[in-house]
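Structure first, commentary second.
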Amino acid sequence: MAAQSPVYADETGSLQIRMGQKVMYCAARMNVDNNTLSIAMKDGVAVATKWSIHVGRVRNYWLNEGIADITVIRHAKPDLLTRSWLLTDSSSGISRRVYQIEDAIHFLSGLNNFPVLDKSLLLPDMQYRISISVEIHAEGINDAWWANLWHSTAASMQQDFSLP
């Protein structure tokens with residue numbers, strides 16, 4: 001696999017890909033302001049991240065050829081009574097409860113070892129590009145005292161790669 005080092009797009013995030021035996025995986029992390037996100041989540045605001053992943057073949061004289069478009073939505077729903085957060089991943093449908101705000105922020109702001117696509121869809125000696133954009137959405141922030149502190153958060157990352 002010929003992949004470059006992680007991409008830092010204005011320090012908004014990082015992206016790495018790994019080729020398994022049959023599957024291509026990615027690890028992506030969005031740099032977020034933990035204090036602002038923590039204040040919102042501790043105040044009972046449900047937060048979601050929407051990850052949009054696009055893989056395409058790079059072509060010099062035509063538009064890039066799309067191979068995969070994947071959307072992953074992750075939710076963190078607070079429970080103020082137990083001071084916990086219910087984390088749900090839309091791609092797997094699996095949910096779990098955490099009691100540390102750092103665990104919830106880590107879950108929302110990254111994809112670890114995420115299976116992107118079957119390597120059989122890729123041809124050797126061709127140039128490909130993976131692009132990831134991520135957005136953080138908070139529900140009900142308009143009436144909160146800290147609403148003026150909340151800034152729309154989005155990041156995008158991309159990396160070129162090829163099979164050996």
Side-chain angles (χ1 to χ4, degrees), residues 3-18 23-58 63-80 83-117 121 128-161:
Q4 292 78 24
S5 59
V7 173
Y8 294 93
D10 298 327
E11 297 300 319
T12 60
S14 64
L15 169 63
Q16 295 177 331
I17 60 169
R18 180 179 64 81
V23 177
M24 182 181 104
Y25 298 92
C26 79
R29 176 108 355 238
M30 176 182 176
N31 294 337
V32 295
D33 180 5
N34 288 357
N35 285 338
T36 303
L37 197 54
S38 177
I39 289 170
M41 293 174 70
K42 285 180 179 178
D43 245 9
V45 173
V47 177
T49 52
K50 178 182 177 184
W51 295 82
S52 300
I53 304 168
H54 176 78
V55 179
R57 182 169 63 102
V58 177
L63 295 176
N64 291 347
E65 178 183 9
I67 295 173
D69 283 310
I70 304 160
T71 301
V72 177
I73 299 174
R74 291 185 161 187
H75 296 276
K77 185 176 180 184
D79 182 344
L80 295 177
R83 295 184 186 263
S84 65
W85 292 266
L86 180 63
L87 308 179
T88 307
D89 185 332
S90 70
S91 64
S92 65
I94 296 174
S95 62
R96 65 184 168 113
R97 185 164 301 279
V98 297
Y99 294 89
Q100 300 294 321
I101 189 74
E102 294 82 15
D103 294 338
I105 292 172
H106 184 77
F107 172 78
L108 290 170
S109 64
L111 296 174
N112 296 321
N113 208 27
F114 185 80
V116 177
L117 74 112
L121 298 172
Y128 295 96
R129 179 172 294 144
I130 181 170
S131 302
I132 298 179
S133 63
V134 59
E135 302 169 4
I136 295 181
H137 302 280
E139 299 173 8
I141 65 166
N142 295 334
D143 299 330
W145 64 268
W146 45 262
N148 59 347
L149 299 175
W150 182 267
H151 300 289
S152 175
T153 306
S156 61
M157 302 148 259
Q158 72 179 22
Q159 183 170 341
D160 290 349
F161 65 96

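Small disclaimer: the values here were computed from a predicted structure and weren't measured.
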Taking side chain to side chain donor-acceptor pair (under 3.5 Å) as the definition, give me every residue that meets it alongside [X], ordered by chain and number, with sequence neighbours left out.
X      : value
His75  : none
Arg83  : none
Ser133 : none
Ser84  : Thr82, Arg97

Please tabulate, for the side chains in residues 98-109, all donor-acceptor contacts under 3.5 angstrom to protein atoms that are two or more places apart in sequence or on a different chain.
from, atom 1, to, atom 2, distance (Å)
His106, NE2, Arg29, NH2, 3.3
Ser109, OG, Arg29, NH1, 2.9
Ser109, OG, Ile105, O, 2.8

Query raised in the report: With sequence neighbours left out, what residues match Asp79 under salt bridge (charged side-chain N to carboxylate O under 4.0 Å, His left out)?
Result: none
**Report entry** Pairing residues for Arg129 by the salt bridge (charged side-chain N to carboxylate O under 4.0 Å, His left out) criterion, not counting sequence neighbours
**Finding:**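 Applying salt bridge (charged side-chain N to carboxylate O under 4.0 Å, His left out) to Arg129 gives Asp160.
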Calculate, to the nearest 0.5 Å, the distance between atoms [atom1] and [atom2] belonging to [X] and [Y] respectively.
X      : Y      : atom1 : atom2 : value
Ile53  : Leu15  : CD1   : CG    : 9.0 Å
Gln159 : Gln16  : CD    : CD    : 7.5 Å
Ile17  : Ile132 : CD1   : CD1   : 9.5 Å

Requested in this report: Would you mind reporting whether Ser91 and Trp51 have side-chain heavy atoms less than 4.5 Å apart?
Outcome: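 They are not in side-chain contact.
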Query raised in the report: Are the side chains of Val134 and Met157 in touch, meaning some heavy atoms are under 4.5 Å apart?
Result: yes
Query raised in the report: Looking only at heavy atoms, what is the nearest atom pair of Tyr128 and Ile67, with distance?
Result: CE2-CD1, 3.2 Å
Query raised in the report: Which pair of non-hydrogen atoms, one from Pro78 and one from Ala46, has the smallest distance, and what is that distance?
Result: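 The pair with the smallest heavy-atom distance is CD-CA, 3.7 Å.
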Query raised in the report: Quick check: are there more than 12 heavy atoms from other residues, nucleotides or ligands sitting under 6.0 Å from CG of Leu80?
Result: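 Count over threshold, so yes.
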Requested in this report: Could you note down all residue pairs passing salt bridge (Lys or Arg N to Asp or Glu O under 4.0 Å) where residues 64-74 supplies at least one of them, sequence neighbours left out?
Outcome: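 Sorted result for residues 64-74: Arg57-Glu65, Arg74-Asp89.
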Report task. Could you pull out all residues at least two apart from Asn113 that satisfy side chain to side chain contact (heavy atoms under 4.5 Å, CB included)? Result -> Arg18, Tyr25
